[in-house]
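Here's the structure we're looking at; comments come further down.
On a predicted model such as this, the values are computed, not experimentally measured, just so you know. Chain letters run A, B, ... following the sequence lines, proteins first and then strands; every chain starts at 1.
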Number of protein chains: 2
Amino acid sequence: MLDGRNRLNLDGQLAEAVPEELTDGPSPLNRAGRRASDALLDHLASMILRGELITGNPLPSERELMKRYGVSRSVVRETIIGLAGRGLLKTSPGFRPVVNKPDYDAALDSVGRLVAHLTTDEEGVKNIFESRVFLEASLARWAALNARKDDIRELEERLLRNREAVGVRRIFEATDVAFHDVLYTIPRNPVYPAIHRAYVDWLRKPWSSIERTAEIDLVMYAGHEGIFKAIVDRDPDLAEESLRRHLNTAWEFVRSTFDFQARAGGTARPSVSPSPEPASGQ
Amino acid sequence: MLDGRNRLNLDGQLAEAVPEELTDGPSPLNRAGRRASDALLDHLASMILRGELITGNPLPSERELMKRYGVSRSVVRETIIGLAGRGLLKTSPGFRPVVNKPDYDAALDSVGRLVAHLTTDEEGVKNIFESRVFLEASLARWAALNARKDDIRELEERLLRNREAVGVRRIFEATDVAFHDVLYTIPRNPVYPAIHRAYVDWLRKPWSSIERTAEIDLVMYAGHEGIFKAIVDRDPDLAEESLRRHLNTAWEFVRSTFDFQARAGGTARPSVSPSPEPASGQ
DNA sequence: GCTGAATTTTGGTCGTACCAACGTAGAAAT
DNA sequence: ATTTCTACGTTGGTACGACCAAAATTCAGC
């Protein structure tokens, strides 16, 4: 029996919470051109957001849902896809969708998919990167002014780890990110760490394509050290300045990679397809 | 006639751009558990982002698409829903989906749907608001250091308009937003104005529920004036400080509204169904 | 008890069918 | 000839049934 296992905790709730929209009459267009899948979507979305569907649990099977709500499988599937698109479900082909209550991370993540396309040209990456420098510089300033002792201890520790990783690409990158991350946690607002993860994610591609040598790592590390010292010295202007300089240096490396890749894939549409040729069959 | 109207310009392109994934073999699961709708989605997404599908134009009919790509209607529909979820299409029941190339605004907008749920409690609003204060304070500092003459002229003009609107709720709010908006445009990075619109959007609900009197408007205006003067005087610290103080004052008003509204919540649908009754069956 | 084969369930896709809302085109009326 | 009305085709929304292959589950055999 699979009674209490992969059935979520919605055996009861669902049954009665079924919106009238989904149960009224035969099955034609539900009132006012509202899609059945939209109604179901709203319903499930609401359940997820209210915590009635536990995060991490799989959704009931599609066939179960269609029985439960009296809709066709098409509707169920479209609903699921819609929810997934909104970040309320994680789907992977062949598996049950998993409930994914959104937090700041999920929110940023959903932008990510769009931002991804904005970061295909240098212009887009530059805009994003610039905003990052701006924010992070402010965070550095804030840190210099407000960091607690344990914040500084954490910063120092991660700085050390970064030092030790010089020359070891993967680890250096990780410790690099980890160091910067402290800056985002100091204000103790969950929004910032989420933003940081988002930045790292968005800029990962161009970032990871930059050259890496022990010398370059050392330059980067030196930047971190400078930032750290300025914060320890409680010098906001210097902290900001150091961080700006550090990230701008990094940007130079990133930018240099664009001179290469910026070949075929221009910004607008040089478009590989030579001409639309409106004449074809049809 | 409907010849060149609601057919987009993709008669030619589509035909040849069809990815092999969608054409190979009979029709079982396309390689590696990849959903056909995902493949189609990527394909269309790419076309939209590359401008091959013109923004504002309707997509071809579903039946047309299924013929074109050799997939079933289910796949086409699921693709469309997926694209809509990503903000690449605007759909309204009964009408053809409309191409909607995303920009920073659209990106932020897609987060909005998720953020909306995070702003239902004071905690969430506070986090968001705090991040706004932080960013805007930095922008004020930046403005004090780098604003051009015409930036300052613009700022002054909007400050005046704001002054004139004291006491006239709707107009005051608009000019208020307009004033702040200048700060976001000064760095000349399209990301910031988008962020501002997003903030305004997210915080609109709690914001618009605050009390409004001529006196309060005057306090707000005074805040704007202080910020403006600090920027004109090229005093970054004062500019930042003024802005912080200004927004924190506003926050006090916002916060006071939570003591009231924190009743039923009433985000989406006041919903006829009174309560989910978390204790039923199972 | 644990591994592996047999079986059931489930997601992915297809195809067909029906409804209601439009829009078009042709027929009918002015 | 212009307008009006009606029949028909198209389109999006939904339902149902059928397959396949990959999971999940069960069961047999070691």
| task | Quick one: do A/Asp176 and A/Arg158 satisfy salt bridge (charged side-chain N to carboxylate O under 4.0 Å, His left out)? Show the steps, please. | result | CA-CA 8 Å; A/Asp176 186 350; A/Arg158 302 205 184 184; over 6 Å; no
Examine the base of [N] for any acceptor or donor lying under 3.5 Å from a partner atom in the side chain of [X], and report the outcome as yes or no.
X       : N      : answer
A/Arg63 : C/dG11 : yes
B/Arg73 : D/dG12 : yes
B/Arg77 : D/dG12 : no

| message | I'd like to know whether A/Thr91 forms a side chain to side chain contact (heavy atoms under 4.5 Å, CB included) with A/Ile80, so could you lay out the CA-CA distance, the side-chain angles of the two residues, the decisive distance to 0.1 Å, and finally the verdict. | response | CA-CA 8 Å; A/Thr91 70; A/Ile80 290 175; 4.1 Å; yes
What integer distance in Å separates [X]:[atom1] from [N]:[atom2]?
X       : N      : atom1 : atom2 : result
A/Leu65 : C/dT10 : CG    : P     : 11 Å
B/Ile81 : D/dG12 : CD1   : C1'   : 11 Å
A/Glu64 : D/dA24 : CD    : C1'   : 16 Å
B/Leu83 : D/dG12 : CG    : P     : 15 Å
B/Arg35 : C/dC14 : CZ    : C1'   : 17 Å
B/Leu40 : C/dG12 : CG    : C1'   : 14 Å
A/Lys90 : C/dG11 : NZ    : P     : 19 Å
A/Glu62 : D/dC16 : CD    : P     : 15 Å

| request: May I ask you to decide if A/Leu59's main-chain N or O and A/Arg96's side chain share a donor-acceptor pair within less than 3.5 Å? | output: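 Between the backbone of A/Leu59 and the side chain of A/Arg96 there is a qualifying donor-acceptor contact (under 3.5 Å).
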| query | What's the closest nucleotide to the B/Arg96 side chain, out of D/dA15, D/dG12, C/dC14? | reply |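 Nearest listed nucleotide: D/dG12.
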| message | What's B/Ser61 touching, base or sugar-phosphate or nothing? Going by heavy atoms closer than 4.0 Å. | response |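 The residue B/Ser61 makes sugar-phosphate contact but no base contact.
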| task | Walk me through it: do A/Arg212 and A/Glu173 pass the test side chain to side chain contact (heavy atoms under 4.5 Å, CB included)? | result | CA-CA 10 Å; A/Arg212 284 288 191 192; A/Glu173 286 181 354; 3.4 Å; yes
| For B/Met66 and B/Glu78, take the nucleotide of DNA chain C holding the closest heavy atom to each; which residue's nucleotide lies nearer the 5' end? |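 First, find each residue's nearest nucleotide; the 5'-ward one identifies B/Glu78.
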| query | Which residue, A/Ser74 or A/Phe95, contacts DNA chain C at a nucleotide closer to its 5' end, judged by nearest heavy atom? | reply |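 Looking at DNA chain C, the more 5' nearest nucleotide goes with A/Phe95.
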| request: State whether B/Ser72 places a side-chain N or O below 4.0 Å from either non-bridging phosphate oxygen (OP1 or OP2) of C/dT13. | output: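 For B/Ser72, the contact criterion (side-chain N or O under 4.0 Å from OP1 or OP2 of C/dT13) is not met.
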| Parallel, tilted or perpendicular: rings of B/His196 and B/Tyr184 (30°, 60°) |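 Taking B/His196 first and then B/Tyr184, their aromatic rings lie parallel (interplane angle under 30°).
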